[in-house]
Amino acid sequence: MNKIQEKYKWLHNQYGPQGWWPLVDYQGTNPTKTGNVHGYHPGNYELPKTRDQVYEICIGAILTQSVGWVSVEKALINLKKLNAINPERLMKLSDEKLKNAIKPVGYFNVKARKLRVFTGFFMSLNTKIPNREELLKIWGVGPETADSMLLYAFKVPTFVVDAYTRRIFTRLGYINEKAIYDDIKTLFENNLKPDLKVYQEYHALIVEHAKRFYGKGKDNRKCLLFQETIKGT
DNA sequence: AACCAGGACGTGA
DNA sequence: TCACGTCATGGT
């Protein structure tokens, strides 16, 4: 077992299945989770089931850019009340209603536009699964957003890298600070079997762990246990 | 009361 | 390419 696999094992043992990606209709709360948000469905890998759920994950991936999930959940609930977690119906919302609904996530002018651009693309898919290149061409969809959509909405085993991933594994010494997104992504994909569940859980576990122990400050000594799994390997 | 959150884009060097 | 400013609300 390589180091990347060992870290996964450690995290999963600590926190258990995370039940990502949250869906507003799922009231189940993961009691082990940081924060007071619901929508998680630990152990259920069948989701998303409907087209609208696939869509919900995609727009959630856009809304969460540089923003915590607590805020995104509010925006999604607002959209839900407008019956607009559906591509056709979201497109029919006025700009005013759309921006007002997503206000909690901030950057609402930019994100409203991103949502419309993406929604046009989504409708053109017509049940087809997009590839990474197609997603990256969309204005407003960068590497992390594209990978999140692929992994959690379209169930393609592609690894998601975020600021937390970079922070943890930089401090661990696995990657250097100037590593670019695809370098980090490759590190994980080269050291893991392309297993959808593992990819989904690993990213979610990294987020959970980072929220607890890896603030933006320099202190990485809060989690000695995690550090120690390196030694002796 | 600063500081930062599950990024991406536009700009100038 | 690359570093830096911008987008904006809400929770510690």
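Any value given below was found using the heavy atoms of this structure, including those in side chains, with hydrogens, waters and symmetry copies removed. Letters A, B, ... are given to chains in the order of the sequence lines, protein chains preceding strands, and every chain is numbered from 1.
- Pairing each heavy atom of A/G19 with each of A/E201, the nearest pair is N-OE2, 4.0 Å.
- The ring of A/H12 has its center closer than 6.0 angstrom to the ring center of A/Y8.
- Comparing B/dC4 with C/dA8, their C1' atoms sit 13 Å apart, to the nearest whole Å.
- Under the 3.5 Å distance criterion, the side-chain polar atoms of A/T64 are left unmatched by any main-chain donor or acceptor of A/G60.
- A/H38 has its ring centre no less than 6.0 Å from the ring centre of A/W69.
- A straight line from CG of A/D183 to P of C/dC2 spans 11 Å, rounded to a whole angstrom.
- One finds a salt bridge joining A/D182 and A/R132 here, because a Lys/Arg side-chain nitrogen approaches an Asp/Glu carboxylate oxygen to under 4.0 Å.
- Taking the side chain of A/K74 as heavy atoms from C-beta on, and the options B/dG6, B/dG7, C/dG10, the nearest nucleotide is C/dG10.
- Between A/Y26 and A/Y40, the distance from one ring center to the other does not fall under 6.0 angstrom.
- A/K111 comes within 4.0 angstrom of nothing in the nucleic acid, heavy atoms only.
- By the criterion of side-chain heavy atoms lying less than 4.5 angstrom apart, applied directly or through intervening Ile, Leu, Val, Met, Phe, Trp or Tyr residues, A/L23 is grouped together with A/L196 in one hydrophobic cluster.
- Of the candidates A/Y45, A/W21, A/Y199, A/W21 is the only one forming a ring-ring contact (aromatic ring centres under 6.0 Å, His included) with A/Y152.
- Relative ring orientation between A/Y174 and A/F169 is described as tilted, the plane-to-plane angle lying within the 30° to 60° band.
- In this structure, the CZ atom of A/R167 is 11 Å from the C1' atom of B/dG6, given to the nearest Å.
- Separating the CH2 atom of A/W69 from the C1' atom of B/dG7 is a distance of 14 Å, rounded to the nearest angstrom.
- Counting only heavy atoms from C-beta on, A/S66 has its side chain closest to B/dG7 among C/dA8, B/dG6, B/dG7.
- Here B/dG6 presents its P atom at 17 Å from CD1 of A/I62, a figure rounded to the nearest Å.
- In this structure, NZ of A/K211 is placed 14 Å from P of C/dG11, rounded to the nearest angstrom.
- In this structure, A/E133 does not pair ionically with A/K137, as no charged nitrogen and carboxylate oxygen lie closer than 4.0 Å.
- Using C1' as the reference atom, B/dG6 and C/dG5 are 22 Å apart when rounded to the nearest Å.
- Residues A/R166 and A/Y181 come closest through the heavy atom pair NH2-N, 4.0 Å.
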* Asked: For every nucleotide of nucleotides 8-13 of chain B, 5' to 3': is a protein heavy atom under 4.0 Å from its base (B), only from its sugar-phosphate (S), or from neither (-)?
  -> SSS---
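- Across the protein-nucleic acid pair, A/L135 atom CG and B/dG7 atom P stand 17 Å apart, rounded to whole Å.
- In this pair, A/W21 does not lay its aromatic ring on the base of B/dG6; centres under 5.5 Å and planes under 30 degrees do not both hold.
- With B/dG6, C/dT9, C/dG11 as the candidates, the nucleotide lying closest to the side chain of A/F108 is C/dT9.
- In the region residues 151-165 of chain A, proximity to DNA chain B at under 4.0 angstrom, judged on heavy atoms, holds for A/D162, A/A163, A/Y164.
- Across B/dG6, C/dT9, B/dA5, the shortest atom-to-atom separation from the side chain of A/K103 is found for C/dT9.
- Ring geometry for A/Y202 against A/F159 counts as perpendicular: the plane angle is over 60°, on a 0 to 90° scale with 30° as the lower cut.
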* Structure fact -> Encoded 5' to 3' (Watson-Crick or G-U under 3.5 Å; [ ] crossing; | other strand), DNA chain B becomes ..|||.|||||||
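- Remark: C1' of C/dT1 and NZ of A/K178 are 13 Å apart, rounded to the nearest angstrom.
- Rounding to whole angstrom units, OH of residue A/Y107 and P of B/dG6 are separated by 12 Å.
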